[in-house]
Amino acid sequence: MVHPQEVDIIVAGGGPAGCVVAGRLAYADPTLKVMLIEGGANNRDDPWVYRPGIYVRNMQKDGINDKATFYTDTVASSHLRGRRSIVPCANILGGGSSVNFQMYTRASASDWDDFKTEGWTAKDLLPLMKRLENYQKPSNSDTHGYDGPIAISNGGTITALAQDFLRASDALGVPFSDDIQDLDTSHASEIWAKYINRDTGRRSDAATAYVHSVMDVQTNLFLRTNARVSRVIFEGDKAVGVAYVPARNRGHAGQIVETIVKARKYVVISSGTLGTPQVLERSGVGNAERLQKMNIKVVSDLPGVGENYQDHYTTISIFRVSNESETSDAFLRGDKEVRKELFQEWEVSPEKARLSSNGIDAGFKIRPTEAELKEMGPEFNQLWDTYFKDKPDKPVMFGAIVSGAYADHTLLPPGKYITMYVLIFGSSSLQRNYRFQYLEYPASRGRIHIRSPSPYIEPEFDSGFMNNKADFAPIRWSYKKTREVARRMDAFRGELTSHHPRFHPASPAAAKDIDIQTAMGILPNAFTVGIHMGTWHKSGEIYDASKVHNDIKYSEEDDKAIDEWIADHVETTWHSLGTCGEWLIESSSIAEQSVKAMKPREEGGVVDGRLDVFGTKNLKCIDLSICPDNLGTNTYSSALLVGEKGAQILAEELGLKIKTPHAPIPTGVPTTQMVRVRNERLFSLFD
Ligand SMILES: Cc1cc2nc3c(=O)[nH]c(=O)nc-3n(C[C@H](O)[C@H](O)[C@H](O)COP(=O)(O)OP(=O)(O)OC[C@H]3O[C@@H](n4cnc5c(N)ncnc54)[C@H](O)[C@@H]3O)c2cc1C
């Protein structure tokens, strides 16, 4: 179809927030012309998107159809002992929702109240939180919605390791709850819900829910993919359209060739936390001095653009579990038989298939006890006093158990896993579980800025990871805490030493690897099991969780080893936010940094409560870049909520009413799935 050269509204960026805005507005008024422009490929009927269990593959670089853009720290960080962090960010229609881990959590009520902005309190936002959800778990909380486009369920299967984890957490004072996503709970565990539709077994991505659904029934939503918005076109300070370029610059002798589309009413930038500030700066909205150096005409001098970058931090520690445990390792290693079995199972009954799960079945939110706080040092205690103490709904940490090693399996001890592929998700010989620890409100901050007006030149990026010392103590605490949970699980069989701090070998805290009995269960016919030449591994006593009653004691030297491990391994949690939230006046005071709100322009703000970009007209930013402060959640729910809020604001300004329920979600069998089912049948005929 030939695309119009002029529409009413252009949405630049097809992540969750952009999909909500485009889909909701187009559905609200079939005469309103809306264009959604996305830098990545269309996700429709992509089997690597809609099958939930293959999500880890989406972070692989294949060099042909990468589903992510990988941002690397421009300068090596002294806070990370000379390491450069890599922060992948979605590059596909649906944005993060097409590639993410599908873990459902929500921010605490005080996170939204802390915006201190009219219309943005948790109470104001609650109807929109409900509007977006189709909550499919049993629940007695009145904070969930049941008719929205985004399905949330426990997925097709839950492994027994989840209950083992919950019992072990309870033993450490983390009680079980049936719903910790009620906006208030900050210290409890639960069976962790997923963005998976219970009825179809498919991923609940924002494009299918909000965009494909509307395009199936109306003709006023125009979708452009593989098209990168280079800049907003202004007449004076009024946004009147955008220019976009092909996602790859392979023609025209390297010249940049732009296509221009006009917007009669609004331009909305929803290119994500790392994309939006780049589009703004290329358009002349940002720090005037910085832009003038690149000969970019300044439309609005906003030094906050690109500053105050935030994320959550992950450290991953890997543990051994019994040979009888159900994990996904064999599948992750790419075992052919296992893959065939699992894919086939999914094709036949996706709603109950093992692949209709992310393998992340249980988790907790926790806050430290008084005694633990004392051990966490002055920097964190200062942060605690100003940020957490009076906000009992804010967790300091999330922990989750994943049934399988989320690691490059070629780097795991050789041989040990090969025998494990025999049965996964529901049978024996699956060997590992790993757990994530998330630091939910880090104090560190980073930034992203363009280096050139060209949309093809990589920006300057500083993740800022761990540049505030206060962030070490809670991660150290969480490592110890999750290790204690692991040791109390019946399935526990040791620690994969390569994925733990390098404690002194004589320290009682030193990580202990697999016991001999479990090792022999993995390779019963091997001649080398139990050999400990070079002390790679000295097989220990058989583990028995029922005998574990006391916590490991750590010396100062042990704590130092943990901190070094954190610096060496702390990672993004892909929860980027905040680059158009505010401009942090340089200050090392945690107290000052911890009082955040949407700021007026004079104080470094970029957008106001109606998401209008200061100093411009008809231009809004609607995505997680607008957050002035961190949100204690896996951020998909918040991106959808910001999208719903933005759609609501725009609908009000356009005199429209958002229609509920939204357009029906496509549930028919995707064409790609039909082809595979046919092929599988042919395959078994000739097998
Ligand atoms: C690997 C990964 C795992 C995650 N796991 C979870 C999870 O389990 N649970 C959870 O709640 N959250 C998770 N998240 C986070 C969640 O997905 C994000 O917070 C959410 O997607 C952010 O939404 P957004 O709309 O702000 O931006 P994004 O999702 O970043 O979307 C922005 C979109 O804009 C496009 N874009 C960028 N620049 C341009 C341009 N110039 N022109 C046109 N298009 C452009 C991008 O291609 C992208 O599609 C994960 C994210 C990732 C990447």
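Fair warning: this is a prediction, and the values are worked out from it, not measured in the lab. One is the number of the first residue; the rest follow in order along the sequence.
- Considering every non-hydrogen atom in both Leu161 and Ala491, the closest pair reads CD2-CB, 3.6 Å.
- Between the Thr327 side chain and the Gly404 main chain, no donor and acceptor come within less than 3.5 Å of each other.
- The line from CD1 of Ile86 to CE of Met59 is 12.0 Å long, rounded to the nearest 0.5 Å.
- The environment of CZ in Arg81 is crowded: more than 12 heavy-atom neighbours from other residues, nucleotides or ligands sit within 6.0 Å.
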Please evaluate residues Glu372 and Arg367 with respect to the criterion salt bridge (charged side-chain N to carboxylate O under 4.0 Å, His left out), reporting the C-alpha separation (whole Å), side-chain torsions for both, the decisive distance (0.1 Å), and the verdict.
CA-CA 9 Å; Glu372 287 165 345; Arg367 281 163 74 90; over 6 Å; no

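- Between Trp477 and Phe380, the distance from one ring center to the other does not fall under 6.0 angstrom.
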Could you check His79 against Phe465 for side chain to side chain contact (heavy atoms under 4.5 Å, CB included), going step by step and ending with a plain yes or no?
CA-CA 7 Å; His79 308 281; Phe465 284 3; over 6 Å; no

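- Applying the salt bridge (Lys or Arg N to Asp or Glu O under 4.0 Å) criterion to Arg487, with sequence neighbours excluded, gives Glu484.
- Between the side chains of Thr200 and Thr667, no donor-acceptor pair of N or O atoms lies under 3.5 Å.
- Ser328 and Ser403 are not linked by any side-chain donor-acceptor pair at a separation below 3.5 angstrom, with hydrogens and angles left out of the test.
- No donor-acceptor pair under 3.5 Å is formed between the side chain of Asp490 and the backbone N or O of Asp164.
- Side-chain contact between Tyr195 and Ile150 is present, with at least one heavy-atom pair separated by less than 4.5 Å.
- Counting only heavy atoms from C-beta outward, the side chains of Thr72 and Ser85 never approach each other to under 4.5 Å.
- Between Trp346 and Tyr50, the distance from one ring center to the other falls under 6.0 angstrom.
- A salt bridge is absent between Glu556 and Lys560: the closest approach of a Lys/Arg side-chain nitrogen to an acidic carboxylate oxygen does not fall below 4.0 angstrom.
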Applying salt bridge (charged side-chain N to carboxylate O under 4.0 Å, His left out) to Asp551 and Arg488, what does each step give before you reach the verdict?
CA-CA 10 Å; Asp551 291 358; Arg488 284 164 176 80; 2.9 Å; yes

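- When every heavy atom of Gly96 is checked against every heavy atom of Pro16, the shortest pair comes out as N-CD, 4.0 Å.
- Only one option out of Thr572, Asn630, Thr635 pairs with Asp311 in a side-chain hydrogen bond (donor to acceptor under 3.5 Å, both in side chains); it is Thr572.
- Taking 4.5 Å as the limit, some side-chain heavy atom of Val99 sits within range of a side-chain heavy atom of Ile92.
- In this structure, Arg493 forms no cation-pi arrangement with Phe319, as its terminal cationic atom is not both closer than 6.0 Å to the ring centre and no more than 45° off the ring axis.
- Judged by distance alone, with hydrogens and angles left aside, the side-chain atoms of Glu190 form a donor-acceptor pair with the main-chain N or O of Ile180 at under 3.5 Å.
- Smallest separation of non-hydrogen atoms from Ser189 and Val174: N-CG1, 3.9 Å.
- Residue Glu458 qualifies as open at atom CD: its count of foreign heavy atoms under 6.0 Å is 12 or below.
- A salt bridge is defined here as a Lys NZ or Arg NE, NH1 or NH2 lying under 4.0 Å from an Asp or Glu carboxylate O, and Arg354 with Glu345 meets this definition.
- Ring planes of Phe101 and Trp574: tilted class, angle from 30 to 60°.
- No side-chain heavy atom of Met397 sits under 4.5 Å from any side-chain heavy atom of His187.
- By the 4.0 Å N-to-carboxylate-O rule, Glu495 lies too far from Arg320 to be salt-bridged with it.
- The main-chain N or O of Ser463 is found under 3.5 Å from a side-chain atom of Asp73 such that the two form a donor-acceptor pair.
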Under the salt bridge (charged side-chain N to carboxylate O under 4.0 Å, His left out) criterion, do Asp559 and Lys480 qualify, and how do the steps go?
CA-CA 10 Å; Asp559 280 356; Lys480 294 177 184 175; 2.9 Å; yes

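- No side-chain donor from either of Thr273 and Tyr309 sits under 3.5 Å from a side-chain acceptor of the other.
- For Glu557, the CD atom counts as loosely surrounded, since its 6.0 Å shell holds 12 or fewer non-hydrogen atoms of other residues, nucleotides or ligands.
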Audit row: Ser204, Asn197, side chain to side chain donor-acceptor pair (under 3.5 Å) steps and yes/no:
CA-CA 6 Å; Ser204 247; Asn197 190 316; 5.4 Å; no

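- At least one donor-acceptor pair closer than 3.5 Å links the side chain of Arg198 to the backbone N or O of Gln136.
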Starting from the C-alpha separation in whole Å, work towards a yes-or-no answer on salt bridge (charged side-chain N to carboxylate O under 4.0 Å, His left out) for Arg83 and Asp568.
CA-CA 7 Å; Arg83 198 160 57 93; Asp568 288 347; 5.3 Å; no

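- Crowding of Lys137 atom NZ: a count of heavy atoms from other residues, nucleotides or ligands under 6.0 Å exceeding 12.
- Proximity of a side-chain donor or acceptor of Asn43 to a complementary backbone N or O of Gly94 within less than 3.5 Å is not detected.
- Thr482 places a side-chain N or O within donor-acceptor distance of the main-chain N or O of Ser478, the cut-off being under 3.5 Å.
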Apply side chain to side chain contact (heavy atoms under 4.5 Å, CB included) to the pair Arg502 and Trp565, showing each step before the final yes or no.
CA-CA 7 Å; Arg502 284 188 167 267; Trp565 176 75; over 6 Å; no

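- A heavy-atom distance below 4.5 Å is found between the side chains of Asn100 and Arg203.
- Aromatic rings from Phe398 and Phe364 are positioned such that their centres are separated by 6.0 Å or more.
- When all heavy atoms are compared, the tightest approach of Ile360 to Ala400 is CG2-CB, 3.9 Å.
- Looking at Arg106, its side chain never comes within 3.5 Å of a backbone N or O of Ser637 through a donor-acceptor pair.
- In this structure a side-chain-to-backbone donor-acceptor pair under 3.5 Å is present from Ser325 to Ser322.
- Of all heavy-atom pairs spanning Gln60 and Asp66, the tightest one is O-OD1, 4.2 Å.
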For Leu523 and Asn525, run side chain to side chain contact (heavy atoms under 4.5 Å, CB included): C-alpha distance rounded to whole Å, both residues' side-chain angles, the deciding distance at 0.1 Å, then the answer.
CA-CA 6 Å; Leu523 293 176; Asn525 300 320; over 6 Å; no

Apply side chain to side chain contact (heavy atoms under 4.5 Å, CB included) to Asn634 and Trp192, showing your working.
CA-CA 12 Å; Asn634 302 65; Trp192 208 304; 4.0 Å; yes

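- Below 30°, between 30° and 60°, or above 60°: for His312 and His575 the angle between ring planes is above 60°, a perpendicular geometry.
- Judged purely by atom type and a 3.5 angstrom limit, Asp515 uses its side chain to pair as donor or acceptor with the backbone of Thr518.
- The minimum heavy-atom distance between Leu274 and Ser576, with the atom names listed, is CD1-OG, 4.1 Å.
- Remark: aromatic rings of Tyr313 and Phe472 are distant, center separation not under 6.0 Å.
- At least one side-chain heavy atom of Ser349 sits less than 4.5 Å from a side-chain heavy atom of Glu351.
- A 4.5 Å side-chain heavy-atom check between Asp563 and Arg476 finds at least one atom pair inside the cut-off.
- Side chain to side chain, Thr157 and Ser357 fail the donor-acceptor criterion of an N or O pair below 3.5 Å.
- Taking the centre of each ring, Tyr479 and His500 come in below the 6.0 Å mark.
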